[in-house]
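Input: a single structure, listed below in structure tokens.
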Amino acid sequence: MKPSLEVRIGSLTLRNPVLVASGIIGYGREYERLVPLEKIGGIVTKTVTLRARAGNPPPRVYETASGMLNSIGIENPGLDGFLESKVPILRDLPCAAIVSIEGEDVAEFCELVRGVDGCGVAHAIEVNISCPNVGPHGLRYSTDAGMAREVMGAIRPLTQLPLIAKLTPNVTRIAEIAEACEECGADAISLVNTFIGMAVDTRTRKPILGTVLGGLSGPAIKPLALAKTWEVVQAVDIPVVGMGGITRPADAVEFLLLGAVAIQVGTALFSDPGLPLACVEEIKTYLARMKAASIDDLIGALEVPEGRGIIRAGRAVRREHGGRAS
């Protein structure tokens, strides 16, 4: 019998732990032409804001050594445009649809949650409190535990959908932010969002990006993303969704070994749209080598020297991948 790849995030059951990250494939329609979506766990939509956004001034993307800087600025049609033109697309997807939202203040986050909850197509909501490219408010809710607690506490009573708090790595103690989100009812934590970076044109003596600073993603950040994910896995009992620099199938296994319940593939899709499917196959192959009955045997199976850390994800796994602790 083939090992089960099913994982749970709150009340949401995914057929496998491989997701496509927000901002790369829009709302899935174009990507569906390239990849059979029924073979991956799901997609995370492009982030929806309350009002339509045109995005940041160009240049908005720049290739770096082993990575990419972007300053897109969450270009999107706003909540009304999402409900009118994107919901019909998501309704027909053959995989889980996790809707990403971002608000400028707590009131906007609340309005967005109400709108997404009522649209009938979302399987979960990823609460993007960590975008570095939308002005000062973009990072404030994920760089201060009190503010993270404020927004998550406000939106939790508004929906029964699983809430996934997406965190920035641009902090000293990311575990404290994750713990605050867990205390206020988050069903899962996803990380990492991009690292703040910059590029300079020495000929013009000007910044290359139109916003000066941008978000660094790609293979260069994977070791940093693994370390931040490891820190959070040890701090919370809810599921952790790992991402950051996943470029080859074996990378996905690394995140699962250290305790992530699921992973998201992002920047690498620009060069390899089929990577999520390859990640699923790699996980199957790895489980076969382990002679494992299910993916539970892989999640959190990292062996660490005594005193160097404790895999706490095992408790979430035994809780069927973890609703909130009672």
Side-chain angles (χ1 to χ4, degrees), residues 9-12 14-55 70 72-103 108-109 111-131 133-134 138 155 158-159 161-167 186-191 193-194 215 217 241 243 246 262-270 273 275-276:
I9 297 175
S11 61
L12 170 61
L14 299 172
R15 65 170 65 96
N16 62 60
V18 179
L19 303 167
V20 174
S22 175
I24 307 298
I25 60 163
Y27 303 89
R29 172 167 286 172
E30 294 82 0
Y31 190 56
E32 194 173 16
R33 300 170 188 166
L34 302 173
V35 171
L37 297 185
E38 66 273 10
K39 293 187 177 182
I40 64 172
I43 70 163
V44 184
T45 70
K46 186 164 180 60
T47 299
V48 181
T49 56
L50 187 59
R51 288 171 288 277
R53 289 183 59 93
N70 94 84
I72 303 299
I74 310 186
E75 179 181 347
N76 78 100
L79 179 59
D80 288 343
F82 168 79
L83 295 174
E84 179 180 349
S85 63
K86 306 305 181 183
V87 164
I89 297 173
L90 298 178
R91 185 173 288 120
D92 295 332
L93 291 183
C95 64
I98 300 172
V99 177
S100 173
I101 62 167
E102 194 269 348
E108 285 197 5
F109 273 109
E111 192 165 347
L112 285 160
V113 167
R114 291 189 188 98
V116 172
D117 180 79
C119 75
V121 301
H123 295 91
I125 298 174
E126 184 173 78
V127 187
N128 183 3
I129 54 176
S130 55
C131 181
N133 300 320
V134 290
I155 64 176
L158 304 179
T159 182
L161 291 172
L163 292 176
I164 306 168
K166 185 174 184 179
L167 302 189
D187 294 281
I189 305 294
S190 64
L191 74 157
N193 209 324
T194 55
S217 61
V241 180
M243 73 190 91
I246 294 175
I263 60 98
Q264 293 183 19
V265 180
T267 299
L269 292 174
F270 289 122
L275 181 59

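In terms of the side-chain hydrogen bond (donor to acceptor under 3.5 Å, both in side chains) criterion, residue partners of T47 (sequence neighbours excluded) are, by chain and number, S22, S100, N128. Scored by the side-chain contact (heavy atoms from CB on, under 4.5 Å) test, T267 finds M68, S217, F270 as partners (sequence neighbours excluded). In terms of the side-chain contact (heavy atoms from CB on, under 4.5 Å) criterion, residue partners of L158 (sequence neighbours excluded) are, by chain and number, C110, V113, R114. The side-chain hydrogen bond (donor to acceptor under 3.5 Å, both in side chains) check on R91 picks up nothing, with sequence neighbours excluded. Scored by the ring pair (Phe, Tyr, Trp, His ring centres under 6.0 Å) test, F82 finds no partners at all (sequence neighbours excluded). Applying the side-chain hydrogen bond (donor to acceptor under 3.5 Å, both in side chains) criterion to D80, with sequence neighbours excluded, gives no partner residue. Applying the salt bridge (charged side-chain N to carboxylate O under 4.0 Å, His left out) rule to E32 yields no partners; only residues at least two apart in sequence or on another chain are considered. Remark: E75 pairs with R60 by the salt bridge (charged side-chain N to carboxylate O under 4.0 Å, His left out) rule, at least two apart or across chains. Under the rule for a side-chain hydrogen bond (donor to acceptor under 3.5 Å, both in side chains), E84 has no partner lying at least two apart in sequence or in another chain.
Rounded to the nearest 0.5 Å, atoms CD1 (I43) and CG (L90) are 6.0 Å apart. From L79, atom CG reaches atom CD of E111 across 7.0 Å, with rounding to the nearest 0.5 Å.
Panel note: side chain D187, backbone I164; no donor-acceptor pair is recorded below 3.5 Å. Proximity of a side-chain donor or acceptor of Y31 to a complementary backbone N or O of P273 within less than 3.5 Å is detected. In this structure, the side chain of N76 engages the main chain of T49 through a donor-acceptor pair within 3.5 Å.
The shortest side-chain heavy-atom distance between L167 and I189 falls under the 4.5 Å cut-off. Side-chain atoms of I263 and P17, non-hydrogen and from C-beta on, never get closer than 4.5 Å to each other. In this structure, the side chains of E102 and R53 stay at 4.5 Å or more apart for every pair of heavy atoms. Side-chain contact between E108 and R51 is present, with at least one heavy-atom pair separated by less than 4.5 Å.
The only member of L191, V44, I98, I9 that meets side chain to side chain contact (heavy atoms under 4.5 Å, CB included) when paired with V241 is I9.
In this structure, Y27 and P77 approach most closely via the heavy-atom pair OH-CD, 3.7 Å. Taking all atoms of both residues into account, the shortest heavy-atom contact from R15 to L37 is NH1-O, 3.4 Å. Shown here for S130 and N193, the closest heavy-atom pair between the two residues is OG-ND2, 2.9 Å. Nearest heavy-atom pair, G215 versus T194, reported as atom, atom and distance to 0.1 Å: CA-OG1, 3.3 Å. Of all heavy-atom pairs spanning L12 and L14, the tightest one is CD2-CD2, 3.8 Å.
Legend: salt bridge (charged side-chain N to carboxylate O under 4.0 Å, His left out) pairs involving residues 20-29, not counting sequence neighbours: none detected.
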Worksheet entry | Worked check of side-chain contact (heavy atoms from CB on, under 4.5 Å) between V265 and V20 | CA-CA 5 Å; V265 180; V20 174; 5.5 Å; no
Please set out all donor-acceptor pairs under 3.5 angstrom arising from side-chain atoms of residues 115-127, sequence neighbours excluded.
| from | atom 1 | to | atom 2 | distance (Å) |
| --- | --- | --- | --- | --- |
| D117 | OD1 | T159 | OG1 | 2.6 |
| H123 | ND1 | A97 | N | 2.9 |
| E126 | OE2 | S190 | OG | 2.9 |
| E126 | OE2 | Q264 | NE2 | 3.1 |

